[in-house]
Amino acid sequence: MLLSPAAVQAQQAAPTVSVAVEPSAPQPQYLKPDDPWIYRGTDIPVDKEWLFGEMPNGVRYAVRRNGVPPDQVSIRIRIDAGSLNETDDERGYAHLLEHLTFRQSKYMAEGQAIPIWQRLGATFGSDTNAETTPTQTVFKLDLPNARPAALDESMKLLSGMIREPTLSASNLAADLPIVLAEKRENSGAGTRIAEATRSTFFHGQRLADRAPIGTIKTLKTATPESVRAFHQKWYRPENTVIVAVGDVDPQQLAALTEEYFADWKVAGKAPAAPDFGKPEAPDDAKGPNPVGRTRVIVEPGQPRGISYAILRPWEQVTDNLEYNRGLLIDGIAQAIINRRLEARARSGGSYLMASAQQRDVSRSVDGTFVSITPLGDDWQAALHDVRAVIADAITTPPTQEEIDRELAAYNVAFANQVEQRALLAGGQLGDDLVQAVDIRESIAAPETILNVFKNMRDRFTPEAVLEHTQRLFQGTVVRGALVTPVAGEASEADLRKALNHKVEADGNSRISAESISFADLPPIGEPADPVERAPLGVLGSEKITYANGVKALIWRTNNEPGRVTVRVRFGHGLQGFSPEDAAYIELGQMALVGSGLGPLGQEELDRISTGRMLGFDFSIEDGHFTFEARTRSADVADQLYLFAAKLAMPRWDANPVERAKAASTLSYDSYNATASGILSRDLNWLLHNRDPRYATPTPAQIQATTAEGFREVWEPLLKQGPVEVMVFGDIDPDQTVAALSRTFGALPPPTALPGDTVTELDGFPAANDDPLILYHQGDKDQAAVAIAWPTGGGSDRLPESRKLEILADVFSNRLLNAVREKEGASYAPQVGSNWPLDMNSGGHLLALAQLSPANVPAFIQEADKIAADLATNGPTADELALVTGPMRQLINRIQTGHTFWMNELAGATIDPQRVRHLPSLLNDYTNVTPEEIRSLAAKYLVKDKAWHLAILPKDTAAANR
């Protein structure tokens, strides 16, 4: 039934009015409104918005009208075959075939997939994509501007891809290097740890050694004949489900699906799916939960980590209402345990973080997985303490107060899911149905999930939760893995002994579930009415000004019921720090919110959020700090209070700072393990000419910080202006202004940052013909390269910054074609533009890629060549159209949501340029000429201003000495 409270929180899209398109194809013949195939054998009420069909050849389909975003149709084609369907000699074939399917097919010429979809308005890689998992291969298309002709052409192209891909030797030769590049770029310590853990947990099952990417040996020995045999074996009508959701009459979607797939026939009988196996107890097993295989994985530089799993055989369930009632009780049981584990970690325990989660994995196991990050090198103590918390949960019932706290969170999530139903994007609906098919379950309307939950509230008793907790931690076998950076630190026998060791239940992690009321919290200050409330002149939004200098921007929307976003921009961001205090920047990102406010510490912040939808995201930008939350209409006032209280009455608990220090120190050495890790750690610092404020602090720098120093640095920053509050969404404007007056209007006047302490962040490294070389300690076949050109910044040149994004996209397309499609040297080369609006300089164009060390010189040469050609000749009109067409469709889609406009108007109460340049936005992105792009390229892609970086394996350093 796909119970997923978390998914509700992540919904992004906004609704619009659907406009029916008259079907041009014949009426569908195989719709079965009285026999929807996904609901067979279940008592779950049918979601009537879906229409289901089944063709005589075995193809099943589901269609649905949805206007989010407008004019778009999302198509998903699922093949019931993934890496678990491969033989030993075919490992990687399912994923390789996914690539080849896009290369060439019956209706698509070789190498034309990217430009074809771009001409139809779809962005390759986001709107057009595919994924291969152990159990399925799914092809995805989100087609904007889905007019009848484009929709018909798209379904035709997809049918040719699925039914008749051109599996030629030349296509295999073109795609194989791309797949190998993908494998190379995703390898490294993290992949080795995942593979070793998978082989341990799923020993004796196909899942143990069948990652979708395959092996180098099987990929390199693939032939057109062997890949074709895999296609003929598994790409069959009876293995295919097609989902189409969008702003079109669903009858038309059904008719198109039938037109291009009803006559599909494949000779021979469909093979039976292989047996995925099941977890087995060890031969000498005695008693419950016998410990089986364990593994110690040594990876220098990686933080310690422990994972263990209580494994049970996966069984095909009857996905009915009673089964889902059981899942809900399971969910409450896990939520209580995880809250206790988090409380223990916050109080200064032996581990940084820990969690327990039940998962059905690839129709192979039903497992409860426990993961632990120890704080230091005493992994035994961390494992013991986590197991002690779990032991308490499986021996003593939780309190009813604990249960009610988690029920309140579920109720908010499920009710919000109902409220937001009209906002669900068609692509998400399609993905949800595909997921249900993959796990062999049904789907349910949000109202059904909420009703099931509400009608079983009396079943959430301490005794019931205890029973379900005990079941979650009972299994056929327990298996475990320890990751350590130190060889010889532990043996498999040591880990097995630790998992077998009997622990005493620790009830000290049980936390109070007593509710806290906002009414009991101290006021921010004396409420103050606005001194000005006037239209901004854009979108019907209002600008609010208070005597203390705080400014607000509010906008009421009526197309996103219940959804509200609150954003607070304040201070000067990175510019407000002295270079000497740079280490506190990362700690603030991690610990500022957790350090509390007023009478509320981290635990109390959690408790006061019970039954509400409140958030507290915090980010640090070049020129400002941001608090942000997605909330609902009923909680706007409380959300504003939390943000204002953090500025007015910050609390300085030490534990979150110490925990942040530990987390930062643990992860630092892992950056050296891959080229991408060093990019993540150092690139931004290097691009800003080694400004310490952009650096990732070293363990020594972090250890030199203190909780007292944290407060000393951050306390004045929270008092600094300017302060801008934005409240966009389904709000009552008068009530919102009243809430602002009680909170931000009541703040003391923000202080100004002294002019002599504002430090510019506009440094850029000196140009170099020979790349700066850094070395990583990982695999010898991994490297990375980056080339950057300085540009500018500031809101006064907003139109130019938008057109630079178009230049970057044109550059990226050329680089993708040259480096990936033609050479197979890199899986995902890319070019992007960064243009800071809060500063008058500091922007750059950046080209980067991961590749093999041997391909670094060629990449630099190709990128320099493209840059020079764009500066001299500019793009062709067709090249430009391939970028501006999808950009137009993207803007048309995302502007239906209020967050798009919030992003565009951020800072508008302080900087009028944001408003002045808003009307030209669509024109700047889509009505640009080849000559304008050439002129920008000539201005910025200047060879003698380019900065080059290469990250090579450490052995290269030895070879160069």
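The residues of the chain are indexed from 1 along the displayed sequence. Heavy atoms only: backbone and side chains are in, while hydrogens, waters and symmetry mates are out.
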Measure the shortest side-chain to side-chain distance between Ile75 and Val243 over non-hydrogen atoms and say whether it is less than 4.5 angstrom.
no
With rounding to the nearest 0.5 angstrom, report the CG to CD1 distance, Asn813 to Ile114.
7.5 Å
Between Arg206 and Glu86 (side chain of the first, backbone of the second, donor and acceptor by atom type, cut-off under 3.5 Å), is there such a pair?
yes
Determine, stepwise, if the pair Arg184 / Asp779 fulfils salt bridge (charged side-chain N to carboxylate O under 4.0 Å, His left out).
CA-CA 9 Å; Arg184 180 188 66 244; Asp779 295 348; over 6 Å; no
Strictly distance-based, threshold 3.5 Å: is any side-chain N or O of Ser226 a donor or acceptor partner for the main-chain N or O of Ala222?
no
Check: Tyr61 main-chain N/O paired with Trp37 side-chain donor or acceptor under 3.5 Å
yes
Salt bridge (charged side-chain N to carboxylate O under 4.0 Å, His left out), that's the test. Do Asp263 and Arg163 meet it? Break it down for me.
CA-CA 11 Å; Asp263 63 342; Arg163 296 172 57 171; 2.8 Å; yes
Are more than 12 heavy atoms from other residues, nucleotides or ligands located less than 6.0 Å from atom CD of Glu225?
yes
Using the side-chain hydrogen bond (donor to acceptor under 3.5 Å, both in side chains) definition, which of the options Gln104, Arg103, His99 pairs with Asn171?
Gln104
Cation-pi check, Lys156 to Tyr107: give yes when NZ or CZ is under 6.0 Å from the six-membered ring centre and within 45° of the ring axis, no otherwise.
yes
Heavy-atom neighbours of Glu54 CD exceed 12 at 6.0 Å:
yes
For residues 844-852, dump all side-chain donor-acceptor pairs below 3.5 Å to protein atoms at least two apart in sequence or in another chain.
residue, atom, partner, partner atom, Å
Ser852, OG, Asn855, ND2, 3.0

Are the side chains of His776 and Tyr671 in touch, meaning some heavy atoms are under 4.5 Å apart?
no
State plainly whether the residues Asp80 and Lys233 are in salt-bridge range, i.e. N to O under 4.0 Å.
no
Report yes if some heavy atom in the side chain of Ser362 is under 4.5 Å from a heavy atom in the side chain of Phe276; otherwise report no.
no
Smallest separation among heavy atoms of Glu931 and Arg934, with atom names
OE2-NH2, 2.8 Å
Could you tell me whether the side chain of Glu131 and the main chain of Val138 form a donor-acceptor pair under 3.5 Å?
no
Is there a side-chain contact between Pro28 and Val63 (heavy atoms, below 4.5 Å)?
no
Would the distance check show the side chain of Ser83 and the main-chain N or O of Arg210 forming a donor-acceptor pair, the cut-off being under 3.5 Å?
yes
If you draw a 6.0 Å radius around CG in Asp770, do more than 12 non-hydrogen atoms from other residues or ligands fall strictly inside?
no
Gap separating the CG atom of Asp247 from the CG atom of Leu143, nearest 0.5 angstrom
12.0 Å
Distance check, rounded to the nearest 0.5 Å: Leu141 atom CG versus Leu120 atom CG?
8.0 Å
Audit row: Asp878, Arg119, salt bridge (charged side-chain N to carboxylate O under 4.0 Å, His left out) steps and yes/no:
CA-CA 9 Å; Asp878 185 58; Arg119 289 189 179 95; 2.8 Å; yes
Looking only at heavy atoms, the pair that brings Gln136 and Val434 closest together is OE1-CG1, 3.7 Å
Can Thr218 and Arg91 be counted as having a side-chain donor-acceptor contact under 3.5 angstrom?
no
Closest non-hydrogen atom pair between Thr137 and Gly82, with its separation:
OG1-CA, 4.4 Å
Indicate yes or no for a side-chain donor-acceptor contact from Ser187 to the backbone of Glu185 under 3.5 Å, with no hydrogens or angles considered.
no
Minimum-distance pair of heavy atoms, taken over all atoms of Asp152 and Glu259
OD2-OE1, 4.0 Å
Aromatic ring centroids of Trp117 and Phe124 under 6.0 Å?
no
Do Thr872 and Asp869 have side-chain N/O donor and acceptor atoms under 3.5 Å apart?
no
Is there a donor-acceptor pair closer than 3.5 Å between any side-chain N or O of Glu932 and the backbone N or O of Thr929?
yes
Could you verify whether a donor N or O on one side chain and an acceptor N or O on the other, from Asn672 and Gln777, lie under 3.5 Å apart?
no
For Leu100, run the side chain to side chain contact (heavy atoms under 4.5 Å, CB included) check against Leu167, Thr166, Val179 and tell me which one passes.
Leu167
Side-chain contact, heavy-atom cut-off 4.5 Å: Leu253 with Leu151?
yes
I'd like to check Asn892 versus Asp71 (side-chain heavy atoms, cut-off strictly below 4.5 Å). Are they in contact?
no
Testing the basics here: between Leu870 and Pro875, what is the closest heavy-atom pair and its distance to 0.1 Å?
CD2-N, 4.0 Å
So Arg60 and Thr240, do their side chains get closer than 4.5 Å, heavy atoms only?
no
With rounding to the nearest 0.5 angstrom, report the NZ to CD1 distance, Lys943 to Ile787.
8.5 Å
Can you tell me if Asp432 and Gln428 form a side-chain donor-acceptor pair at under 3.5 Å?
yes
With rounding to the nearest 0.5 angstrom, report the CG to OG1 distance, Leu941 to Thr791.
10.0 Å
Specify the closest pair of heavy atoms between Ala818 and Lys822, including all atoms of both residues, with the distance to one decimal.
O-CB, 3.6 Å
Between Asp127 and Ala122, is there a donor-acceptor pair closer than 3.5 Å when you use the side chain of the first and the backbone of the second?
no
Apply side chain to side chain contact (heavy atoms under 4.5 Å, CB included) to the pair Trp947 and Trp789, showing each step before the final yes or no.
CA-CA 6 Å; Trp947 174 80; Trp789 297 262; over 6 Å; no
Rounding to 0.5 Å, atoms CG (Asp809) and OG (Ser833) come to a distance of 9.5 Å
Using a strict threshold of under 4.0 Å (side-chain N to carboxylate O), is an ion pair present between Arg198 and Asp209?
no
Is Arg76 paired with Asp142 through a side-chain N to carboxylate O contact shorter than 4.0 Å?
yes
Quick one, Glu299 with Ile193, criterion side chain to side chain contact (heavy atoms under 4.5 Å, CB included). Give me CA distance, side-chain angles, the key distance, then yes/no.
CA-CA 8 Å; Glu299 281 290 346; Ile193 291 169; 3.9 Å; yes
Donor + acceptor pair across side chains of Thr132, Glu98 (<3.5 Å):
yes
Are a donor atom and an acceptor atom from the side chains of Ser74 and Gln72 found within less than 3.5 Å of each other?
yes
Has Arg236 got a side-chain atom pairing as donor or acceptor with Gly268's backbone, closer than 3.5 angstrom?
yes
Under 4.5 Å between any side-chain heavy atoms of Val361 and Phe202, yes or no?
yes
For the side chain of His948 and the backbone of Val785, is there at least one donor-acceptor N/O pair under 3.5 Å apart?
no
Does Tyr235 have its ring centroid less than 6.0 Å away from the ring centroid of Trp264?
no
Tell me, with the steps shown, if Arg820 and Asp175 meet salt bridge (charged side-chain N to carboxylate O under 4.0 Å, His left out).
CA-CA 9 Å; Arg820 170 181 154 134; Asp175 263 317; 5.7 Å; no
Thr674 and Ser676: side-chain donor and acceptor closer than 3.5 Å?
yes
